[in-house]
Amino acid sequence: MLLGKLFTMCELISFRMTITIIGSGKVGASIALNCGMRDLDDLILIDIVQGLPQGEAMDINHQLAEMGIDRSVRGSNNYADMVGSSIVVLVAGLGRKPGMTRMDLLQTNANIIREVSMKVASYTKSAKLIVVTNPLDPMTYLALKTTGMNKDQVMGMGGLLDLSRFKNFIRESTNVSSESIHAMVISEHGENMLPLTRFSCISGIPLSEFITDEVQSRIFEATRKVAADVIALKGATIYAPGNAVATMAESIIKDKKSVIPVSALLMGEYGARDLCIGVPTILGEKGIEKIIELRLNDTEREIFHRGMNSVAEAIRVIMH
Ligand code: NAI
């Protein structure tokens with residue numbers, strides 16, 4: 001109790017805010033590097049493996065020094081070092097092996113997220129929390145419930161990574177700059193992902209003006225499957241997830257109010273209640289400032305509902 005009060009005071013008087021990344025493996029290190037290169041904030045990498053976060057921090061510091069970015073990156077095995085963080089990223093846990101689905105990680109990673117979320121609640125409850133560990137939507141829900149944070153504070157990164165893959169396929173098939181491509185991917189970060197070709201455009205011009213329905217269907221399917229291809233080839237996805245988390249952190253820190261798909265707690269939106277799933281949101285200094293409700297057609301709604309059912313079942317398994 002006294003310790004809790006002391007940490008709240010420390011949070012209040014802490015002038016140097018930090019981004020804390022819990023889990024300093026492949027994706028955690030990539031998140032730190034991407035946040036560092038964008039000069040967002042000082043960084044702390046935490047892990048249970050002795051030496052790993054310290055080594056990653058040194059390596060990243062060396063790169064930033066040469067780039068002229070004066071940020072401090074620190075590695076630690078002590079959860080208490082996250083006190084006063086403005087943003088905490090949860091990326092501790094197992095990744096899937098070739099042939100596995102994200103849901104195969106459910107029980108193992110739930111134990112890790114439960115443990116780590118309790119630490120977040122005791123050390124830095126006013127932070128914004130970005131969950132990355134898979135299966136993403138149930139883990140976001142578990143972190144939200146375990147920390148007791150507000151629903152605006154807690155979000156999962158999945159949709160933005162799916163979107164970066166979707167955009168790459170659109171770029172390849174249209175041969176236009178990805179700068180001009182605006183698209184959206186929602187629903188479960190998993191088997192029921194929903195790339196929204198109907199809501200995608202190139203500088204305001206509908207995608208259908210550039211590519212046929214058949215090519216759009218091919219891109220839709222490719223986006224849903226491509227993460228498994230990367231994992232089969234190199235064992236993990238690393239750089240694009242790091243960039244996606246940094247984009248979310250940047251929108252929060254700079255109060256950019258970017259429209260970004262994140263896994264958010266729905267309380268009636270999209271006909272869902274009390275589950276986390278990918279939807280378009282406005283991200284700003286308050287965290288999730290608005291959930292944008294799209295009018296889905298029958299086919300889209302069916303996939304979204306399958307996503308909701310899959311996430312609801314996973315939540316039922318881990319919460320009982
Ligand atoms: P990794 O195995 O390279 O790193 C995981 C790290 O977590 C390890 O260093 C491990 O020591 C650490 N860890 C385990 N328990 C911990 C605890 N209690 N406290 C602190 N650290 C702990 O795995 P990788 O590739 O970095 O992936 C991490 C997670 O991110 C996986 O669940 C993976 O599926 C997920 N992921 C999610 C993505 C998304 O779009 N949401 C994209 C890519 C990966």
Side-chain angles (χ1 to χ4, degrees), residues 20-34 44-57 75-82 88-120 123 129-143 146 154-166 185 187-191 193 223-224 226-231 234-248 260-264 276-278 311 314:
T20 294
I21 297 152
I22 305 181
S24 311
K26 296 177 285 299
V27 181
S30 169
I31 293 167
L33 180 61
N34 275 279
I44 298 176
L45 278 156
I46 295 179
D47 205 285
I48 46 172
V49 176
Q50 302 284 324
L52 177 66
Q54 291 83 356
E56 289 292 359
S76 167
N77 303 109
N78 183 2
Y79 291 113
D81 283 340
M82 77 174 94
V88 176
V89 182
L90 295 193
V91 62
L94 301 190
R96 56 184 172 142
K97 305 268 178 311
M100 285 172 94
T101 70
R102 294 173 181 90
M103 278 298 181
D104 292 333
L105 306 165
L106 185 65
Q107 290 292 8
T108 315
N109 283 351
N111 293 336
I112 295 172
I113 290 302
R114 204 174 275 118
E115 178 200 333
V116 174
S117 298
M118 286 193 282
K119 307 285 185 194
V120 175
Y123 291 120
L129 185 60
I130 302 176
V131 181
V132 180
T133 303
N134 275 319
L136 193 265
D137 303 291
M139 293 304 116
T140 305
Y141 182 88
L142 180 60
T146 311
V154 182
M155 65 208 78
M157 187 291 289
L160 189 55
L161 173 60
D162 301 330
L163 179 54
S164 63
R165 293 165 178 157
F166 187 34
V185 179
S187 190
E188 182 188 19
H189 180 61
E191 304 307 292
M193 174 190 308
T223 304
R224 286 155 61 101
V226 72
D229 297 340
V230 179
I231 289 168
K234 62 173 273 192
T237 64
I238 302 170
Y239 310 122
N243 177 65
V245 173
T247 300
M248 288 168 64
I260 294 178
V262 306
S263 185
C276 292
I277 195 163
V311 174

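One-based numbering, in listed order, for ligands and for the atoms of each.
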Nearest atoms (heavy-atom pairs only) where Ala57 meets Gly75:
CB-N, 3.5 Å

Could you tell me whether some N/O pair between Leu161 and ligand 1 is separated by less than 3.5 angstrom?
no

Side chain, backbone, both or neither: Met157 near ligand 1, heavy atoms under 4.0 Å:
both

Students should be able to answer this: which protein heavy-atom is nearest to atom 26 (O) of ligand 1, and at what distance?
Val27 N, 2.8 Å

The protein heavy atom nearest to atom 22 (C) of ligand 1 is Ala92 CB, 3.4 Å

For atom 28 (C) of ligand 1, what's the nearest protein heavy-atom neighbour? Residue, atom name and distance, please.
Val91 O, 3.3 Å

Nitrogen or oxygen of Leu52 less than 3.5 angstrom from that of ligand 1
no

Which atoms from ligand 1 have a heavy atom of Val49 less than 4.0 Å away?
11 (O)

Numbered atoms of ligand 1 (with element) below 4.0 Å of Asn109, judged on heavy atoms:
32 (O)

Protein heavy-atom partner closest to atom 23 (O) of ligand 1 - residue, atom, separation in Å:
Gly93 O, 3.8 Å

Which atom names give the shortest non-hydrogen contact between Thr146 and Arg114, and what distance separates them?
CG2-O, 3.6 Å

Numbering the atoms of ligand 1 from 1, which are under 4.0 Å from a heavy atom of Pro241?
42 (C), 43 (C)

Which atoms of ligand 1 have any heavy atom of Gly95 under 4.0 Å away?
31 (C), 33 (C), 34 (O)

Enumerate, atom names and distances included, each donor-acceptor pair closer than 3.5 Å involving a side-chain atom of residues 239-247, sequence neighbours excluded.
residue	atom	partner	partner atom	Å
Asn243	OD1	Arg38	NH2	2.6
Thr247	OG1	Arg38	NH1	3.4
Thr247	OG1	Arg38	NH2	2.9
Thr247	OG1	Asn243	O	3.0

Using distance alone, determine whether Ser24 and ligand 1 share an N or O pair under 3.5 Å.
no

Do the non-hydrogen side-chain atoms of Met155 and Leu129 ever get within less than 4.5 Å of each other?
no

Partner residues of Asp81 under the salt bridge (Lys or Arg N to Asp or Glu O under 4.0 Å) criterion, sequence neighbours left out
Arg74

Of all protein heavy atoms, the one nearest atom 19 (N) of ligand 1 is Tyr79 OH, 2.6 Å

When distances are taken from atom 4 (O) of ligand 1, the protein heavy atom at minimum range is Gly25 CA, 3.3 Å

Does any N/O atom on Lys26 come nearer than 3.5 Å to any N/O atom on ligand 1?
yes

Checking Asp137 against His189: is there a side-chain donor and acceptor pair closer than 3.5 Å?
no

Taking 4.0 Å as the limit for heavy-atom contacts, which would you say applies to Ile112 with ligand 1: side chain only, backbone only, both, or neither?
side chain

Shortest non-hydrogen contact between Ile21 and Ser24, atoms and distance
O-OG, 4.5 Å

So, is Thr237 polar-close to ligand 1, with some N/O to N/O distance under 3.5 Å?
no

I'd like to check whether Leu94 has a polar contact with ligand 1, where a contact means an N/O of the residue lying under 3.5 Å from an N/O of the ligand.
yes

With a 4.0 Å heavy-atom cut-off (strictly under), which part of Asp47 contacts ligand 1: side chain, backbone, both or neither?
both

If we only count heavy atoms from C-beta on, is the Val88 to Ile22 side-chain gap below 4.5 Å?
yes

Between Leu136, Ile130, Val131, which is the residue that forms a side chain to side chain contact (heavy atoms under 4.5 Å, CB included) with Ser263?
Leu136

Distance-only N or O hit between ligand 1 and Val132, under 3.5 Å:
yes

The protein heavy atom nearest to atom 36 (N) of ligand 1 is Asn134 ND2, 3.5 Å

Correct closest heavy-atom pair for Arg102 and Pro135 would be O-CD, 3.5 Å

